[in-house]
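Atoms considered below: every heavy atom in the structure, side chains included; atoms not considered: hydrogens, waters and symmetry mates. Counting convention: from 1, in listed order, for ligands and their atoms alike.
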Amino acid sequence: MKTRFLNNVKIVSTGHYVPSGVLSNEDLEKIVDTSDEWIYSRTGIKTRRIANGEKTSDMAYLAALDAINKAGYEASRIDLILVATCTGDYRAPSVACRVQALLGLSERDVACFDVNAACSGFVYASSVASQMLNGGRYSSALVIGAETLSLYTDYEDRGTCVLFGDGAGAMILESTNEYKPADFYLSAKGELDLSIVINDKIAMDGRKIYQFAVRVFEESIQKIMLDNGLGKEDIAVIIPHQANLRIIEKAAELLNIDIEKFYINIEKYGNTSAASIPIAFDEYMSAAPRQENKKVIFVGFGAGLTWGAAMLTL
Ligand code: UT7
């Protein structure tokens, strides 16, 4: 049997950036045949932020800067930049390379690339960063989730346009000799008949995704807890991908975990894809006292289909 080595990584700082433009349910009532009542009761969303000229890399950079400033972190220590995104500025170069340049780190030895696992991207990128830090070559990883979904949102389709928003979140991880176990579970079920796709515009089969999401949220959280011998009391917070409040509530009910353990901010930002987990995590870290050595669980799902969960130690 293969021996499984737990990763060891330290969460040094977090940050986020959301654009100032607000698109409310009332604004959407003027664009498509919908209502604040329908949107809020079916999704939990009231407003979302929309970029006004800011590129994904600009938002990613500002989220990174927030994380750097909050910890008074020496940016020159960063030797790995990973950006989870499916809405990069260009097909190439990566958003990660743009962030390196914007941070003034272009003359330094930094590995930079993007990770595309759609809305699961930040869980995937956190795993890649952690494995690379534990590989011994890298010591400081800037992991970002950043998206400009408004560029791909069809504002004539009421079934999708009410859901999505823009933003970015960042996390700095370091390799450490302290005992800070981390573990990751990633999975996918590639589809030929795409139930969610971002091409020119976002198209999806909402009901199918909804059912899939509830199932994989429950299974992924259960798996990461079981594999690491975690009880509910070991967990400080669960940060779910913010796609629909009802999906989170249903998963919490099936898991018999108090909904209060889940950090939820979907009301303000809607679904920001790979950015939703790091934005929510930064809000949580900024608001709550750090429960040293307790666990944080990220859980996500998205196009692919992809899903996964991460366990980190505070
Ligand atoms: O990051 C992954 C991204 N995707 C997701 O997370 C999507 C997961 N799915 C969902 O969140 C939900 O399925 C939706 C919020 C998209 C839709 O909620 P639902 O309760 O599954 O509604 P539905 O699609 O079954 O539609 C129910 C009704 C339909 O009308 P009829 O056929 O019953 O007359 C829709 O046409 O609601 C109608 N409808 C709307 N009505 C007012 C759909 N969108 C809207 C709208 N405003 N915006």
If you take the nearest heavy atom of each of W38, F164, Y210, F212, which one is closest to atom 28 (C) of ligand 1? W38
Heavy atom to atom 18 (O) of ligand 1, shortest distance: which of R246, R207, R158, Q211 holds it? R246
Which of the ligand 1 atoms, numbered from 1, are nearer than 4.0 Å to a heavy atom of [X]:
X    : answer
T43  : 15 (C)
N271 : 1 (O), 2 (C), 3 (C)
F301 : 2 (C), 6 (O)
A243 : 6 (O)
M204 : 4 (N), 7 (C), 16 (C)

Positive for side-chain hydrogen bond (donor to acceptor under 3.5 Å, both in side chains) with T56, one of D114, D166, T148: T148
side-chain hydrogen bond (donor to acceptor under 3.5 Å, both in side chains), paired with K295, selected from D183, N228, T313: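 Answer after filtering D183, N228, T313: T313.
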Aromatic Y152 / basic K201 pairing, under 6.0 angstrom, 45° off normal: no
Between F217 and F301, does the ring centre distance come in under 6.0 Å? yes
Side chains of [X] and [Y]: closer than 4.5 Å at any heavy-atom pair?
X    : Y    : result
L82  : Y124 : no
I279 : N265 : yes
R49  : Y269 : yes

Specify the protein heavy atom at minimum distance from [atom]: its residue, its atom name, and the distance to 0.1 Å.
atom                    : result
atom 8 (C) of ligand 1  : G206 O, 3.5 Å
atom 14 (C) of ligand 1 : N244 ND2, 4.5 Å
atom 47 (N) of ligand 1 : T34 OG1, 2.6 Å
atom 5 (C) of ligand 1  : I209 CG2, 3.6 Å

Backbone, side chain, both or neither: what part of [X] comes under 4.0 angstrom of ligand 1, heavy atoms only?
X    : value
V162 : side chain
I196 : side chain
I39  : neither

[X] to ligand 1: N or O pair under 3.5 Å?
X    : value
C119 : no
R42  : yes
S35  : no

Any protein heavy-atom neighbour for [atom] (distance below 4.0 angstrom)?
atom                    : answer
atom 42 (C) of ligand 1 : yes
atom 21 (O) of ligand 1 : yes
atom 32 (O) of ligand 1 : no
atom 37 (O) of ligand 1 : yes

[X]/[Y] ion pair, N-O < 4.0 Å:
X    : Y    : answer
K55  : D89  : no
K70  : D282 : yes
E253 : K250 : yes
K232 : D258 : no

Is there a side-chain hydrogen bond (donor to acceptor under 3.5 Å, both in side chains) between D79 and S139? Walk through the geometry before answering. CA-CA 7 Å; D79 54 9; S139 58; 3.3 Å; yes
Testing R77, K10, K180 for salt bridge (charged side-chain N to carboxylate O under 4.0 Å, His left out) with E174, which one passes? R77
Assess A213 for proximity to ligand 1: is some non-hydrogen atom of it under 4.0 Å away? no
